[in-house]
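These notes concern the structure reproduced below.
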Amino acid sequence: MKTFYEFRSEADPDLHGFTDEVSGSKLPSENGPWTFIRQLTSEGEWPSGISKAVTAAGVLENGFSLSNYRAAKPIIESDRVEGTAVYDPSGSRIGTIRRLMIEKVSGKVLYADITFGGFLGLGEHHHAIPWEKLTYDKGLGGYRTDITAEQVRGAPAFYGDEMVWPDRERENKARDYWRLPPS
């Protein structure tokens, strides 16, 4: 039986963090300080609208899981992500998310296909950036990244819908470019 600890952000009272350690030290400091709310067990009473499975997966992968109580649900559908703008560190728009690339076995989103340039779909360039490099920014209404437009343009390109990842070598080039560990 897994035990979790729920905390509330003092900076954003609608933001709640969940972790598997009572001090809350694994929670992101940029959203803190954090106030302890309660201890939760997988078999006990659980906050309404919060998925036990999503929380457990987040804690397992990141050491914490965040949930915004204002949000109607803790997940977002892929068609709501597709078409969302991507902004560089200075807030300049560098492209749009065309699609998400999901690893078949784990179900984990690995990359976002970012498009830029072109007109009415003609002459668009497609480049993949790691999903973990994107953070949703409510103020911008889009995703912010620490990646610059120049870095995106230098990333391995895609060549149309039927050739997203034509071979393992191309995927390895992308992982090397973004300095990601081997898959």
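Since this is a predicted model, take the numbers as computed values, not measurements.
Environment of NZ in Lys133: sparse, with no more than 12 heavy atoms of neighbouring residues, nucleotides or ligands closer than 6.0 Å.
You'll find the side chain of Trp34 stays beyond 4.5 Å of the side chain of Ser23, heavy atoms only. Inter-residue side-chain proximity for Val81 and Val109 is flagged as unmet; no heavy-atom pair is nearer than 4.5 Å. At least one side-chain heavy atom of Lys26 sits less than 4.5 Å from a side-chain heavy atom of Asp20. Using a 4.5 Å cut-off on side-chain heavy atoms (C-beta onward), Ile114 and Thr96 make no contact. For the pair Leu110/Ile102, no side-chain contact is recorded, criterion being any heavy-atom separation below 4.5 Å from C-beta on. With a 4.5 Å cut-off on side-chain heavy atoms, Glu10 and Thr35 count as touching. Residues Pro13 and Arg8 form a side-chain contact, since some pair of their non-hydrogen atoms from C-beta on lies under 4.5 Å apart.
Using bins of under 30°, 30° to 60° and over 60° for the plane-to-plane angle, the ring pair Phe36/Phe7 lands in the perpendicular bin. Ring geometry for Trp131 against Tyr143 counts as tilted: the plane angle lies between 30° and 60°, on a 0 to 90° scale.
Under the 3.5 Å distance criterion, the side-chain polar atoms of Glu61 are left unmatched by any main-chain donor or acceptor of Gly58. Here the side chain of Ser65 pairs no donor or acceptor atom with the backbone of Phe18 at under 3.5 angstrom. Distance alone, capped at 3.5 Å, places no donor-acceptor pair between the Thr19 side chain and the Phe64 backbone.
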(request) Apply the test salt bridge (Lys or Arg N to Asp or Glu O under 4.0 Å) to residues Arg93 and Asp88: give CA-CA distance (whole Å), side-chain angles for both, the deciding distance (0.1 Å), then the verdict. (result) CA-CA 6 Å; Arg93 185 179 174 144; Asp88 68 10; over 6 Å; no
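Take Asp137 and apply the side-chain contact (heavy atoms from CB on, under 4.5 Å) test, not counting sequence neighbours, and it matches Leu140, Arg144. In this view, Gln39 satisfies the side-chain hydrogen bond (donor to acceptor under 3.5 Å, both in side chains) rule with no residue, not counting sequence neighbours.
Under a 4.0 Å N-O distance rule, the pair Glu6/Arg38 qualifies as a salt bridge.
Hydrophobic clustering (side-chain heavy atoms under 4.5 Å, transitive across Ile, Leu, Val, Met, Phe, Trp, Tyr) groups Met101 together with Tyr136. Note: the hydrophobic cluster containing Leu66 also contains Val22 (ILVMFWY, side chain heavy atoms under 4.5 Å, direct or indirect links).
The heavy-atom pair separating Ala112 from Leu134 by the smallest distance is CB-CD1, 3.7 Å. Between Leu100 and Glu82 the shortest heavy-atom distance is N-OE2, 4.5 Å. In terms of heavy-atom proximity, Glu103 sits nearest to Val105 at OE1-N, 3.1 Å.
The structure places CD of Gln151 at 8.0 Å from OG1 of Thr145, a figure rounded to the nearest 0.5 Å. Once rounded to the nearest 0.5 Å, the distance linking OG1 of Thr41 with NZ of Lys52 reads 7.5 Å. Put simply, NE2 on His16 and CG on Asn31 are 12.5 Å apart, with the number rounded to the nearest 0.5 Å. In this structure, CG in Leu40 is found 9.0 Å from OG1 in Thr3, a value given to the nearest 0.5 Å.
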